[in-house]
Amino acid sequence: MSFMEKLKNKFKQNEETEEVSAKYKEGMEKTRNSFSGKINDLIARYRKVDEDFFEELEEVLISADVGVMTVMDLVEGLKMEVKRQNIKDTKEVKDVISEKLVEIYYGDDDEQIEELRIEEDQLSVILVVGVNGVGKTTSIGKLAHKLKQDGKNVVLAAGDTFRAGAIEQLDVWGERANVDVIKQSAGSDPAAVIFDGINAAKSRNADVLICDTAGRLQNKVNLMNELSKVKRVIEREVPGAPHEVLLVLDGTTGQNAMSQAKTFSDATDVTGIVLTKLDGTAKGGIVLAIRNELNIPVKYVGLGEKVEDLQEFNAHAFVYGLFADLLEENPE
């Protein structure tokens with residue numbers, strides 16, 4: 001059985017996996033139309049797998065924002081596999097591409113890297129960072145809703161005290177998700193708000209505290225210093241915390257998201273990415289670039305506007321979303 005057939009079977013097992021595959025298929029329509037269309041076109045124009053074919057394939061992958069370094073690794077692996085399997089016909093390369101995309105995402109790690117680290121029987125602290133405008137507060141609200149649905153007692157801390165309306169926006173999400181929001185007045189010291197949030201979460205026997213943070217101070221150095229200070233307060237008050245540092249990135253910004261990831265990672269030891277607006281971009285390959293070049297797993301992706309459209313990331317479902325039309329038109 002080919003890798004693509006295995007992938008198709010994986011998402012046709014039951015109602016739950018079919019729902020996941022449907023969300024990825026719908027949410028990745030723009031990337032798929034661009035990516036799959038170009039791959040199909042490439043395969044139609046080349047009868048045999050040769051150096052020219054691989055050169056054009058590189059261009060297709062780079063245009064999907066897979067990232068130059070990642071594309072080089074991927075194409076190198078493809079060439080070896082094509083040689084090993086003695087593949088001559090370009091049609092057979094699709095299956096190898098899909099398999100290699102999953103391999104490049106996981107690397108030597110197991111598939112547990114995508115799971116959120118939540119401690120049992122003690123407070124888990126999730127620090128959420130990112131520049132303004134990427135959907136940080138919205139992602140916190142959606143994540144709070146998701147954790148609440150899972151039976152967790154969740155508290156939010158409104159640590160973005162500098163952006164106008166940020167505290168009010170988090171308040172609205174707190175009401176929607178039916179969780180408490182700990183806040184102070186605009187312009188307060190963010191570290192003091194997080195300190196209050198930790199005490200409130202402890203006194204309310206919360207399972208999870210999600211901390212919002214500033215996305216813009218006067219300059220980048222100030223912002224990174226502020227985040228480092230917040231992180232020190234968390235580490236002091238809750239041993240072993242923060243359990244996750246989630247960086248929210250806007251999927252539509254492509255390679256700009258990569259440079260943001262590098263900057264924030266240096267200041268806060270980012271443990272996972274929340275990639276928003278994946279449904280709004282044709283350059284969804286940025287998921288692979290972030291994972292391969294920065295070694296940070298993508299934990300959640302935004303596949304729509306609704307509260308339930310923040311999905312746990314799944315590399316198999318991602319590749320399914322890339323090749324869905326092809327998988328569904330080809331009988332096993």
J.: Could you tell me which residues satisfy salt bridge (charged side-chain N to carboxylate O under 4.0 Å, His left out) with Glu26, sequence neighbours excluded, listed by chain and number?
T.: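 Checked Glu26 against salt bridge (charged side-chain N to carboxylate O under 4.0 Å, His left out); zero matches.
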J.: I'd like to know if Arg204 pairs up with Asp180 as an ion pair, taking the criterion as any Lys NZ or Arg NE/NH1/NH2 lying under 4.0 Å from an Asp or Glu carboxylate oxygen.
T.: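 Here Arg204 pairs with Asp180 in a salt bridge, since their nearest N and O are under 4.0 Å apart.
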J.: Give a yes/no verdict on a cation-pi contact between Lys25 and Tyr320, requiring under 6.0 Å between NZ or CZ and the six-membered ring centre and an angle within 45° of the axis.
T.: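 No cation-pi geometry.
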J.: Is the shortest heavy-atom distance from the side chain of Asn292 to the side chain of Leu288 under 4.5 Å?
T.: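 SC-SC contact between Asn292 and Leu288 ruled out.
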J.: Please determine whether a side-chain nitrogen of the Lys or Arg among Glu119 and Arg117 lies less than 4.0 Å from a carboxylate oxygen of the Asp or Glu.
T.: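 Here Glu119 pairs with Arg117 in a salt bridge, since their nearest N and O are under 4.0 Å apart.
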J.: Dump the intermediate steps for salt bridge (charged side-chain N to carboxylate O under 4.0 Å, His left out) on Asp196 and Lys183, then the final yes or no.
T.: CA-CA 8 Å; Asp196 285 354; Lys183 62 196 174 188; over 6 Å; no
J.: Using the rule salt bridge (charged side-chain N to carboxylate O under 4.0 Å, His left out), only one of Lys23, Lys142, Lys146 pairs with Glu312; which is it?
T.: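 Going through Lys23, Lys142, Lys146 one by one, the salt bridge (charged side-chain N to carboxylate O under 4.0 Å, His left out) with Glu312 is satisfied by Lys146 alone.
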J.: Going by the angle between their ring planes, with limits at 30° and 60°, are His316 and Tyr106 parallel, tilted or perpendicular?
T.: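 If you compare the ring of His316 with that of Tyr106, the planes turn out tilted.
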J.: Quick check: does any side chain N or O of Thr213 sit under 3.5 Å from a backbone N or O of Leu127, one acting as donor and the other as acceptor?
T.: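 Not confirmed, Thr213 side chain does not pair with Leu127 backbone.
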J.: Under 6.0 Å from the NZ atom of Lys202, do we count more than 12 heavy atoms belonging to anything else shown?
T.: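 It does: Lys202 NZ has more than 12 such atoms within range.
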J.: Looking at Asp212 and Lys136, is there a salt bridge between them, counting it only when a charged N and a carboxylate O are closer than 4.0 Å?
T.: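 Answer for the salt bridge query: yes.
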J.: Is any NZ, NE, NH1 or NH2 atom of the basic residue among Arg163 and Glu168 found under 4.0 Å from an Asp or Glu carboxylate oxygen of the other?
T.: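 So Arg163 does not pair with Glu168 through a salt bridge.
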J.: Please check if the distance between the ring centroids of Phe313 and Phe318 is under 6.0 Å.
T.: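 So the answer is yes for these two rings.
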